[in-house]
Engineer: 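What follows is a structure written as structure tokens; I'll ask about it next.
Scope of the values below: all heavy atoms of this structure, side chains included, with no hydrogens, waters or symmetry mates. None of these values were measured; they are calculated from a predicted model.
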Amino acid sequence: MSGDYSHNNNQIDCGPRNNDPHKHKEKHKEHKNKDHKKDKEREKSKHAISDHKDPSDKKHKDKEKMKHKEGNADKHKDKHRDKEKRKEVKSADGKVKKEKENGFSSPGHVKSEPEDDFYHSPKQEKTLKREREEDFESEFKPKKIKIENDKAKGKKRKQENEDVKPKKTKNNKKGEVADGKKKGKKEPEEKWKWWEEERYTDGVKWRFLEHKGPVFAPPYEAIPDHVKFYYDGKHMKLAPAAEEVSTFFGKMLDHDYTTKEVFRKNFFKDWRKEMTSEEKSKITDLKKCDFNEINDYFKAQSEIRKAKSKEQKLKLKEENERILQEYGFCLMDNHKERIANFRIEPPGLFRGRGDHPKMGMLKRRSRPEDIIINCSKDSKHPKPPPGTRWKEVRHDNKVTWLVSWTENIQGSIKYIMLNPSSRIKGEKDWQKYETARRLKKCVGRIRSQYHEDWKSKEMRIRQRAVALYFIDKLALRAGNEKEEGETADTVGCCSLRVEHINLYPEKDGQEFVVEFDFLGKDSIRYYNKVPVEKRAFKNLQLFMENKATEDDLFDRLNTSILNKHLQELMDGLTAKVFRTYNASITLQQQLKELTSPDENIPAKILSYNRANRAVAILCNHQRAAPKTFEKSMQTLQAKIDVKKDQLSDARRELKSSKADAKVRRDEKSKKTVETRKKTISRIEEQLMRMEVQATDREENKQIALGTSKLNYLDPRISVAWCKKWDIPVEKIYNKTQREKFAWALDMAEDDYEF
DNA sequence: AGAGCTACTTAGTAAGATCTTC
DNA sequence: GAAGATCTTACTAAGTAGCTCT
């Protein structure tokens, strides 16, 4: 069932986003999720028969796991306990810490004790009143490694720690100022292998966290007086508040956004709020506003920036590096970790995607008073800028964020979190793929289950089963409900409406075809024609009976119901796991199918990209064709033509030199033949490479590979493939990606099976 | 059950950096 | 060494999903 997604090919190339008339904002939800209590009761007992997991059952399972873990940790237990006590004391007094040159203070045990100390053994967790144990995959644990290295482990780890931290500290102490590059070279051997260590088994995310807080957006810098704003043809000097907002709009003049009515309306409304009463009374019509000089000014500024001398550019770069070094890292549980986004989002105009009702609204500047800091009690707290204060400083180690604030457009919370290379993100990522691998083991059972459910007497079960079929077969997203009028009108599986599908009992020689056409996440259009199984088709017809186009297709279903059901089928199973699973399994299959052993490296990489592409198509990861696409294609084609000419020239030359050699029969002419042969094979190779590149590029015109590579494909599949075929992993993953997937690079062998 | 809130992952775009070509 | 192409990174919006409260 999985793996054959060729039918998806036609969803690319079916027009740009947002261009189809999905204009229905008023949903009718009357019958959604009503009076299903009885159903629920029945459902429960039904599932109890097969492979159920009611809460008590789950607890048993958890206990089992715990035991297992204890067994694992057994060897270090005593040591653990001892140290644990010591640690408690330390963190209680809290101030046994040293100031370090890198600006971090740290608990006293940083240097002297191994990492293990930060990881509670399960026993201790129990004393910590954890209500709910997080679920850890048996395979997720570095079991193998542990067993293999068990004896050596203790020592090894200590060594590592001694290696890791002191060196890093030294690094910082030494010539840190300008040697970002040097560090890069040293780094690899210093890298901390968090994946070889015990993890927290409860909701605790860290024991110690220290950071320097966020970097704020630079204050508004007034535009020079000669840059004028005109209203109704007359120059008008605006007060700073309104002027700043005018620059936000002025900067965007070249952008499509500024022509959209909603954008203009929202902008104008919010802009007027920033005006003085005098300005407000004068400026009443956006059409009469002339921002052109502002626009020109910022363009010029950007030219100036580009034209700066090498020295100036270097200086800027160094300054950036300095800020990065100061604010871009935190200390979490003894390890210096990179922060992903340490800058507070600057003010500007909101750019919602698709048909967003709030586009153009003013995104306010965040002040320290809006910011919540999260860090260890016993860390050196970040200081707010002089004369200001934080909204709050809290010490919540059940979450991973360092800083948060509430954004004024949707009222949602924004966070500063760690880089994907960090332990905290990496572990989660690893776990995600382990869950998907567990799904692999039981997906057959789940599939036959939903096939069965298509026959159910209960509507809600049929709906659930068909929706799950879509999620599995087509890798659709779950489709949470969203607040109407607050965001663009987009849907996922559970929120599909009647208007989003068309049913064809027969189409293009195929039976039972469903045509999907809707806007998904980011208002990317999903268009696909899929033949489905008869029973699913009949069910869909049933679901659509007596419904208006704007009614929900699955009116008895939502993501929470679906996920609850999935949870019962497999521990940790949610709708999105299917996307991960199907993406990864498709990559693995495609790689097996497409890689031919005797091809050279570029050809193999083309195969890889094609496998990657199959996944991107499955997941509907589209991109706008690059602006320069046609041109770059042409230049490449031109180069190919030149090469072809070269090749035929070279062949001609070879012929003549061969003839020559036949006549002369001397060494020199033989040599000429040889060198010309070599030339030819070189040219052939180059030509091949270019042609491969052209194919690759053409096929990739509207497809974005990055998203699936970064978020859906188990990196161990790729690493194993590289090892198997002797492809340098650098050809597949760039530096950042290698950092993110360091765990996979380290642990996957050439025989890894997803 | 459902709303509201929170935390975290997934997403495409555009700016910036770097490489390539003439 | 400028221009253009391409790759990388930053940015931030928009999803998923869990939890709490009513």
Side-chain angles (χ1 to χ4, degrees), chain A residues 17 29 32-37 40 131-132 134 203 205 255 302 305-307 310 313 316-317 320 324 328 340-346 348 350-354 356 358-359 363 372 374 396 398-401 404 406-407 409-415 417-420 424-425 428-429 432 477-483 486-488 490-495 519-524 558-564 566-567 572-577 579-580 583 616 619-624 626-629 631-633 635-636 639 693 697 704 706-712 734-737:
Chain A
R17 70 177 69 174
K29 293 199 163 187
K32 186 137 190 166
N33 307 322
K34 280 181 193 165
D35 60 61
H36 307 310
K37 279 182 187 167
K40 204 194 164 191
E131 291 144 63
R132 197 175 164 273
E134 226 172 77
K205 305 290 170 57
H255 205 291
S302 124
R305 226 176 308 129
K306 274 185 213 155
K310 261 192 188 144
K313 278 185 179 169
L316 284 173
K317 207 175 163 186
N320 264 330
L324 173 69
N341 55 326
F342 53 89
R343 288 171 205 274
I344 300 283
E345 295 174 14
F350 176 73
R351 301 153 91 122
R353 311 207 178 122
H356 198 119
K358 298 194 171 183
M359 65 168 80
K363 199 167 90 166
I372 302 174
N374 192 30
D396 181 356
K398 300 276 199 293
V399 297
T400 66
W401 53 268
S404 76
T406 301
E407 151 266 359
I409 304 288
Q410 332 252 13
S412 66
I413 307 170
K414 302 271 194 162
Y415 302 93
M417 292 183 186
L418 296 194
N419 198 58
I424 218 156
K425 293 290 184 190
K428 211 52 191 314
D429 206 34
K432 173 181 76 186
R477 293 189 187 81
N480 286 336
E481 293 102 305
K482 14 197 285 183
E483 231 179 309
E486 295 293 298
T487 56
T490 62
V491 297
C493 185
C494 294
S495 49
L519 298 183
K521 182 177 176 184
D522 290 326
S523 293
I524 299 285
N558 62 36
T559 52
S560 141
I561 295 172
L562 178 64
N563 280 335
K564 249 175 222 151
L566 293 175
Q567 202 63 238
L573 186 61
T574 61
K576 84 188 194 95
V577 178
R579 241 165 114 79
T580 313
C619 294
N620 201 35
H621 291 143
Q622 298 190 34
R623 64 166 181 178
K627 282 168 226 138
T628 54
F629 184 84
K631 214 166 66 187
S632 82
M633 220 49 209
T635 48
L636 185 57
K639 269 165 61 186
Q693 196 191 355
R697 193 181 294 173
T707 306
S708 50
K709 204 181 211 178
L710 235 43
N711 299 304
Y712 289 105
N734 70 27
K735 186 165 156 275
T736 327
Q737 296 168 155

Engineer: Mind checking if A/G706 touches a base, just sugar-phosphate, or nothing, with heavy atoms under 4.0 Å?
Structural biologist: nothing

Engineer: Using a heavy-atom cut-off of 4.0 Å across all strands, would you classify A/G492 as base, sugar-phosphate, or nothing?
Structural biologist: nothing

Engineer: Check whether any side-chain N or O of A/K358 sits under 3.5 Å from a backbone N or O of A/I409 as a donor-acceptor pair, and report yes or no.
Structural biologist: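 Such a contact is found between A/K358 side chain and A/I409 backbone.
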
Engineer: By the 4.0 Å heavy-atom rule, please label A/P346 as base, sugar-phosphate, or nothing.
Structural biologist: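 Sugar-phosphate only.
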
Engineer: What's A/T400 touching, base or sugar-phosphate or nothing? Going by heavy atoms closer than 4.0 Å.
Structural biologist: sugar-phosphate

Engineer: Considering every strand and a 4.0 Å limit on heavy-atom distances, what is the contact class for A/Y712: base, sugar-phosphate, or nothing?
Structural biologist: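 Sugar-phosphate contact only.
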
Engineer: On the nucleotide C/dA14, are OP1 or OP2 found under 4.0 Å from the side-chain N or O atoms that A/H356 carries?
Structural biologist: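 Indeed, a polar side-chain atom of A/H356 lies that close.
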
Engineer: So, OP1 or OP2 of C/dA17: does either fall under 4.0 Å of a side-chain N or O from A/N563?
Structural biologist: yes

Engineer: Any N or O donor-acceptor pair linking the side chain of A/N711 to the base of B/dA11 at under 3.5 Å?
Structural biologist: no

Engineer: If only side-chain N and O atoms of A/K363 are considered, is one of them under 4.0 Å from the OP1 or OP2 phosphate oxygen of C/dA13?
Structural biologist: yes

Engineer: Is the closest side-chain donor-acceptor distance between A/T400 and A/K425 under 3.5 Å?
Structural biologist: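 Side-chain D/A pair, A/T400 to A/K425: absent.
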
Engineer: Under a 3.5 Å distance rule, please check whether A/Q567 uses its side chain to pair with a backbone N or O of A/G572 as donor and acceptor.
Structural biologist: yes

Engineer: Please identify each residue that fulfils side-chain contact (heavy atoms from CB on, under 4.5 Å) with A/K709, with sequence neighbours left out.
Structural biologist: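 With sequence neighbours excluded, A/K709 shows a side-chain contact (heavy atoms from CB on, under 4.5 Å) to A/Y608, A/N612, A/I732, A/Y733, A/Q737, given in chain and number order.
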
Engineer: Is the backbone of A/E407 close enough, under 3.5 Å, to the side chain of A/K363 for a donor and an acceptor to pair up by distance?
Structural biologist: no

Engineer: Has A/D522 got a side-chain atom pairing as donor or acceptor with A/I524's backbone, closer than 3.5 angstrom?
Structural biologist: no

Engineer: Does A/K425 put a side-chain nitrogen or oxygen below 4.0 Å from OP1 or OP2 of B/dT9?
Structural biologist: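 Result: yes.
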
Engineer: Check the phosphate of B/dT10 against A/H621, side-chain N and O only, distance under 4.0 Å to OP1 or OP2. Yes or no?
Structural biologist: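 A/H621 to B/dT10 OP1/OP2: no side-chain N or O under 4.0 Å.
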
Engineer: Base, sugar-phosphate or nothing for A/A340? Non-hydrogen atoms, less than 4.0 Å.
Structural biologist: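 Counting heavy atoms under 4.0 Å across all strands, no contact is made by A/A340.
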
Engineer: Just checking A/K521: base, sugar-phosphate only, or nothing, at a heavy-atom cut-off of under 4.0 Å?
Structural biologist: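 Here A/K521 touches the bases of the nucleic acid.
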
Engineer: At their closest point, which heavy atom of A/A575 faces which heavy atom of A/L562, and how far apart are they?
Structural biologist: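 Of all heavy-atom pairs spanning A/A575 and A/L562, the closest is CB-CD2, 4.2 Å.
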
Engineer: Applying a 4.0 Å non-hydrogen cut-off, can you work out what A/K709 is touching in the nucleic acid: base, sugar-phosphate, or nothing?
Structural biologist: nothing

Engineer: Within the distance-only criterion (no hydrogens, no angle test), does the side chain of A/N341 pair as donor or acceptor with the backbone N or O of A/Y415 below 3.5 angstrom?
Structural biologist: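 A pair under 3.5 Å: yes.
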
Engineer: OP1 or OP2 of C/dA17 less than 4.0 angstrom from a side-chain nitrogen or oxygen of A/K576, does that happen here?
Structural biologist: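 For C/dA17, neither OP1 nor OP2 has a side-chain N or O of A/K576 closer than 4.0 Å.
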
Engineer: Under 4.0 angstrom, heavy atoms only, what part of the nucleic acid is A/E407 near: base, sugar-phosphate, or nothing?
Structural biologist: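 Nothing, no nucleic acid heavy atom in range.
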
Engineer: Are there any protein N/O atoms within less than 3.5 Å of an N/O atom in nucleotides 15-22 of chain B, and if so, which ones and at what distance?
Structural biologist:
| from | atom 1 | to | atom 2 | distance (Å) |
| --- | --- | --- | --- | --- |
| B/dT21 | OP1 | A/K639 | NZ | 3.3 |

Engineer: Checking only heavy atoms, does the side chain of A/K432 share a donor-acceptor pair with the base of B/dT9 at less than 3.5 Å?
Structural biologist: no

Engineer: Please determine if a side-chain N or O atom of A/T707 lies less than 4.0 Å away from the OP1 or OP2 oxygen of B/dG12.
Structural biologist: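 For A/T707, the contact criterion (side-chain N or O under 4.0 Å from OP1 or OP2 of B/dG12) is met.
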
Engineer: Does C/dG15 have its OP1 or OP2 closer than 4.0 Å to a side-chain nitrogen or oxygen of A/N480?
Structural biologist: no

Engineer: With a 4.0 Å limit, can you tell me whether A/T574 has a side-chain N or O closer than that to the phosphate oxygens OP1/OP2 of C/dA17?
Structural biologist: yes

Engineer: Measuring to OP1 and OP2 of C/dA13, would you say a side-chain N or O of A/K358 lies under 4.0 angstrom away?
Structural biologist: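 It does not, given that no N or O in the side chain of A/K358 lies less than 4.0 Å from OP1 or OP2 of C/dA13.
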
